[in-house]
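The structure displayed is predicted, hence computed values, not measured ones.
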Amino acid sequence: MAYWLIKSEPSKYSWEQFVKDKKTFWDGVRNYAARNNLRAMKKGDQLFYYHSNEGTEIVGIAEVVKEAYQDPTTDDTNWVVVDVKPVKKLKKPVSLAQIKGDKRLADMALVKLSRLSVQPVTTGEWITVLEMADMQ
DNA sequence: GCCAACGTTGGC
DNA sequence: GCCAACGTTGGC
């Protein structure tokens, strides 16, 4: 099983909305690196849900329920979506500032490739973030 | 609202 | 195929 991080602007699609919907397809990815990550996702993979622009923190955990398929919002076959569902909210959100301040997370894509909207997370990073969220 | 970083486009 | 110009993302 792999770990990932997906970003969303709360003003466009917040964690709260995601929980209300119970499931969504992750659309709007128009970047090849992010697209490749979507394609690499397997059912059951876990994802951090990150709020960009407002909050700038990891707020919850989601799970892949359906692997990549043609993006239903476009005819362009370059683009895919995955289905994801919320798993649980973090007890304490982990902010970008906290992540930047922890040297164990200095290599996180969130820090190094800040504009990538779908990024891989290593097992070590996953565990560290969960610790910071008071979830261990 | 500004601006840095980075991806993409298009001229040559 | 290089690289400048441009557009977009996202932190502050």
Side-chain angles (χ1 to χ4, degrees):
Chain A
M1 185 176 67
Y3 300 108
W4 310 90
L5 180 146
I6 54 176
K7 286 186 192 173
S8 182
E9 294 184 37
S11 60
K12 289 183 182 154
Y13 194 78
S14 68
W15 171 259
E16 289 73 23
Q17 184 64 43
F18 183 35
V19 169
K20 204 178 291 176
D21 291 348
K22 300 213 170 53
K23 179 180 151 178
T24 192
F25 57 82
W26 204 254
D27 69 330
V29 171
R30 294 292 183 271
N31 169 287
Y32 288 102
R35 191 278 312 271
N36 291 342
N37 288 333
L38 280 185
R39 282 194 175 156
M41 285 183 189
K42 298 289 180 205
K43 195 176 171 183
D45 282 359
Q46 305 287 110
L47 308 99
F48 282 135
Y49 196 101
Y50 175 80
H51 276 170
S52 63
N53 284 320
E54 293 165 53
T56 63
E57 58 192 10
I58 297 171
V59 291
I61 296 171
E63 180 179 326
V64 177
V65 291
K66 187 175 178 189
E67 293 173 17
Y69 58 96
Q70 168 68 34
D71 185 338
T73 66
T74 177
D75 289 332
D76 188 337
T77 54
N78 274 322
W79 308 117
V80 298
V81 299
V82 294
D83 284 355
V84 291
K85 68 169 186 192
V87 175
K88 57 188 162 189
K89 191 176 179 172
L90 294 191
K91 205 179 287 178
K92 291 190 301 186
V94 177
S95 70
L96 182 63
Q98 281 177 273
I99 289 167
K100 284 184 169 172
D102 192 310
K103 60 177 180 293
R104 290 172 298 173
L105 300 175
D107 288 332
M108 257 188 104
L110 196 60
V111 179
K112 294 223 160 157
L113 301 168
S114 60
R115 288 185 47 200
L116 187 58
S117 57
V118 179
Q119 32 182 273
V121 174
T122 67
T123 304
E125 289 161 355
W126 182 269
I127 291 167
T128 302
V129 172
L130 285 185
E131 274 174 18
M132 293 165 82
D134 221 7
M135 303 283 286
Q136 287 296 80

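Taking every heavy atom of both residues into account, A:Glu67 and A:Met41 meet most closely at CG-O, 3.5 Å.
Within residues 5-14 of chain A, the residues that have a heavy atom under 4.0 Å from DNA chain C are, in order of number, A:Lys7. Annotation: proximity of residues 103-118 of chain A to DNA chain C (heavy atom, distance under 4.0 Å) is found for A:Ser114, A:Arg115, numbered in ascending order. For the segment residues 27-39 of chain A, the set of residues with a heavy atom within less than 4.0 Å of an atom of DNA chain B comprises A:Asn31, A:Tyr32, in numerical order.
Residues passing the ring-ring contact (aromatic ring centres under 6.0 Å, His included) test with A:Phe48 are A:Trp126, sequence neighbours excluded. Every residue two or more places apart in sequence or in another chain that forms a salt bridge (charged side-chain N to carboxylate O under 4.0 Å, His left out) with A:Lys112 is listed here: A:Asp107. Considering only residues two or more places apart in sequence or on other chains, A:Glu9 meets the side-chain contact (heavy atoms from CB on, under 4.5 Å) condition with A:Ser11, A:Lys12, A:Ser52, A:Asn53. Legend: residues meeting side-chain contact (heavy atoms from CB on, under 4.5 Å) with A:Asp27, ordered by chain and number and at least two apart, are A:Phe25, A:Asp71, A:Thr73, A:Val81. The side-chain contact (heavy atoms from CB on, under 4.5 Å) check on A:Lys92 picks up A:Asp134, with sequence neighbours excluded. In this structure, the side-chain contact (heavy atoms from CB on, under 4.5 Å) partners of A:Ala34, at least two apart in sequence or on a different chain, are A:Val29, A:Asn31, A:Leu116, A:Ser117, A:Val118.
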- Full working for side chain to side chain donor-acceptor pair (under 3.5 Å) between A:Gln98 and A:Asp102: CA-CA 6 Å; A:Gln98 281 177 273; A:Asp102 192 310; over 6 Å; no

- Task: Verify side-chain contact (heavy atoms from CB on, under 4.5 Å) between A:Leu105 and A:Met132, making sure each step is shown before the conclusion.
- Result: CA-CA 11 Å; A:Leu105 300 175; A:Met132 293 165 82; 3.6 Å; yes

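Taking Ile, Leu, Val, Met, Phe, Trp and Tyr as members and joining any whose side-chain heavy atoms lie under 4.5 Å apart, directly or through other members, the hydrophobic cluster of A:Tyr32 also contains A:Trp79.
Taking five base pairs at each end of the helix from B:dG1-C:dC12 to B:dC12-C:dG1, the local helix axes there meet at an angle of 10°, rounded to 10°.
Remark: A:Asp76 CG is packed, more than 12 non-hydrogen atoms of other residues, nucleotides or ligands lying under 6.0 Å away.
In this structure, the side chains of A:Lys42 and A:Val64 stay at 4.5 Å or more apart for every pair of heavy atoms. With a 4.5 Å cut-off on side-chain heavy atoms, A:Leu90 and A:Val59 do not count as touching. Between A:Thr74 and A:Arg30 the shortest side-chain heavy-atom distance falls below 4.5 Å.
Counting 5' to 3', DNA chain B first comes under 4.0 angstrom of a heavy atom of chain A and last does so at the ends given by B:dA5 to B:dT8.
Between the side chain of A:Thr24 and the main chain of A:Phe18, no donor-acceptor pair closer than 3.5 Å is present.
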